[in-house]
Amino acid sequence: MRKVIAGLFHSVDGVVEAPNLFQFDSFDDELGEEMGVIMGEIGTVLMGRVGYSEWAGYWPNASQDLDFAAFINGVQKFVASETLKPSEITWTNASLIESDFLDFVRDLKAGEGSDICAMGGISLVRQLVFAGLMDELTLITHPVIAGTGRHLFEPGDPTTRLELIRARTTSKGNVVQVYRRLAQHS
């Protein structure tokens with residue numbers, strides 16, 4: 001069985017949207033090394049419509065972050081969207097999910113292979129967490145208050161207990177926290 005993971009850059013005030021606007025100089029070599037290890041374990045990426053549209057317009061011709069560009073351009077990508085058509089998915093190794101998203105992920109997860117990572121989709125991560133399909137959720141908290149932007153979780157979300165698997169602090173003060181959903185007791 002494959003593992004479903006996600007990792008989000010996060011500000012102290014809980015913003016996960018557009019981390020490039022608040023990361024500043026806090027991305028350090030330790031985070032780069034950790035990202036390299038994680039990328040080496042991912043065989044499939046899940047993306048939402050907005051993330052796909054933004055990333056497909058940037059990463060194929062990126063002139064920076066070439067290690068990530070090589071990874072994301074080469075990895076198998078599945079896009080969850082109710083508005084895109086298969087013909088609009090033109091990025092290398094990308095396909096549109098044409099069935100129920102959660103059923104699709106359950107089927108992927110039941111198969112053999114490397115990790116499945118949700119990227120470029122805040123709502124996808126939320127759906128996977130609340131459906132019990134997320135095996136590991138990594139939050140990388142940068143030492144900054146973003147002040148504006150979307151949060152991963154929203155008012156009205158169901159109470160969901162998590163268990164901290166591991167945590168560490170990098171030399172620039174980033175806190176890497178890895179969680180899994182706490183097993184439900186009957």
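Treat the numbers as computed from the prediction; the structure is a model and nothing was measured.
Residues Trp55 and Met47 are in side-chain contact: their nearest non-hydrogen atoms beyond the backbone lie under 4.5 Å apart. In this structure the side chain of Phe27 never reaches within 4.5 angstrom of the side chain of Asn174, judged on heavy atoms. Contact annotation: the side chain of Val175 never approaches that of Ile140 to less than 4.5 Å [non-hydrogen atoms, C-beta and beyond]. With contacts defined as side-chain heavy-atom distances shorter than 4.5 Å, the pair Leu164/Val178 does not qualify. Residues Val129 and Leu152 have side chains not in contact (no heavy-atom distance under 4.5 Å, counting atoms from C-beta outward). Counting heavy atoms from C-beta on, the side chains of Ser81 and Leu96 come closer than 4.5 Å. The side-chain heavy atoms of Leu108 and Thr44, taken from C-beta on, include a pair separated by under 4.5 Å. Val176 has its side chain within reach of Glu34: a pair of non-hydrogen atoms, C-beta onward, lies under 4.5 Å apart.
Across all their heavy atoms, Cys117 and Ile42 have their closest contact at CB-CD1, 3.6 Å. Shortest non-hydrogen contact noted between Gly43 and Ser114 is N-CB, 3.4 Å. The shortest non-hydrogen separation linking Ala118 to Ala6 is O-CB, 3.8 Å.
For residues 92-113, the set of pairs meeting the salt bridge (charged side-chain N to carboxylate O under 4.0 Å, His left out) definition, not counting sequence neighbours, comprises Asp103-Arg106, Lys109-Asp135. Sorted by first then second residue, the ring-ring contact (aromatic ring centres under 6.0 Å, His included) pairs that include residues 129-149, not counting sequence neighbours, are Phe9-His142, Phe130-Phe153.
A salt bridge does not link Arg180 with Glu136: none of the charged nitrogens is closer than 4.0 Å to a carboxylate oxygen.
Proximity of a side-chain donor or acceptor of Arg150 to a complementary backbone N or O of Ile122 within less than 3.5 Å is not detected. Remark: side-chain polar atoms of Glu30 are paired, donor with acceptor, to backbone N or O of Ser171 under 3.5 angstrom. Not a single donor-acceptor pair under 3.5 Å links the side chain of Ser123 to the backbone N or O of Gly121. Put simply, the side chain of Arg49 never gets that close to the backbone of Val79: no donor and acceptor are under 3.5 Å apart. Using modelled atom types, no side-chain atom of Asp13 and backbone atom of Ile145 make a donor-acceptor pair closer than 3.5 Å. With Lys172 contributing its side chain and Asp25 its backbone, the two residues share a donor-acceptor pair below 3.5 Å.
Hydrophobic clustering (ILVMFWY, side-chain heavy atoms < 4.5 Å, transitive): Val50 and Ile97 are in distinct clusters. Residues Leu46 and Val16 share a hydrophobic cluster, clusters being chains of Ile/Leu/Val/Met/Phe/Trp/Tyr side chains in contact below 4.5 Å. Under a hydrophobic clustering in which Ile, Leu, Val, Met, Phe, Trp and Tyr are joined whenever their side-chain heavy atoms come within less than 4.5 Å, directly or via other members, Met39 and Leu139 fall into different clusters. Linking Ile, Leu, Val, Met, Phe, Trp and Tyr residues whenever their side-chain heavy atoms come within less than 4.5 Å places Leu162 and Leu8 in a single cluster.
Exactly one of Leu137, Leu102, Ile116 qualifies for a side chain to side chain contact (heavy atoms under 4.5 Å, CB included) with Leu128. That residue is Leu102.
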- Let me see the working for Val105 and Val4 under side chain to side chain contact (heavy atoms under 4.5 Å, CB included), right down to the final yes or no. CA-CA 9 Å; Val105 173; Val4 176; 4.0 Å; yes

- Task: Check the pair Thr138 / Ile5 against side chain to side chain contact (heavy atoms under 4.5 Å, CB included), numbers first and verdict last.
- Result: CA-CA 8 Å; Thr138 301; Ile5 64 171; over 6 Å; no

- Criterion side chain to side chain contact (heavy atoms under 4.5 Å, CB included) on Tyr52 and Ile89, from CA distance to verdict: CA-CA 9 Å; Tyr52 171 80; Ile89 306 296; 3.8 Å; yes

- Decide yes or no on side chain to side chain contact (heavy atoms under 4.5 Å, CB included) for Glu154 and Arg126, but give the supporting numbers first. CA-CA 9 Å; Glu154 300 173 355; Arg126 291 179 72 246; 3.9 Å; yes

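For the atom pair His10 NE2 and Phe22 CZ, the distance stands at 8.0 Å (nearest 0.5 Å). Here Gln23 contributes atom CD and Asp28 contributes atom CG; the two are 10.5 Å apart, rounded to the nearest 0.5 Å. Taken from CG in Asp115 to CD in Glu41, the straight-line distance is 5.5 Å, to the nearest 0.5 Å. In this structure, Leu182 CG and Glu163 CD are separated by 5.5 Å, a value rounded to the nearest 0.5 Å.
Counting heavy-atom neighbours within 6.0 Å of Asp29 CG, excluding the residue itself, gives a total of 12 or less.
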Which side-chain N or O atoms in residues 56-75 pair as donor and acceptor under 3.5 Å with protein atoms at least two apart or in another chain?
unit_1: Asn73; atom_1: OD1; unit_2: Trp91; atom_2: NE1; d: 2.9
unit_1: Asn73; atom_1: ND2; unit_2: Trp59; atom_2: O; d: 3.0
unit_1: Asn73; atom_1: ND2; unit_2: Ala69; atom_2: O; d: 2.9

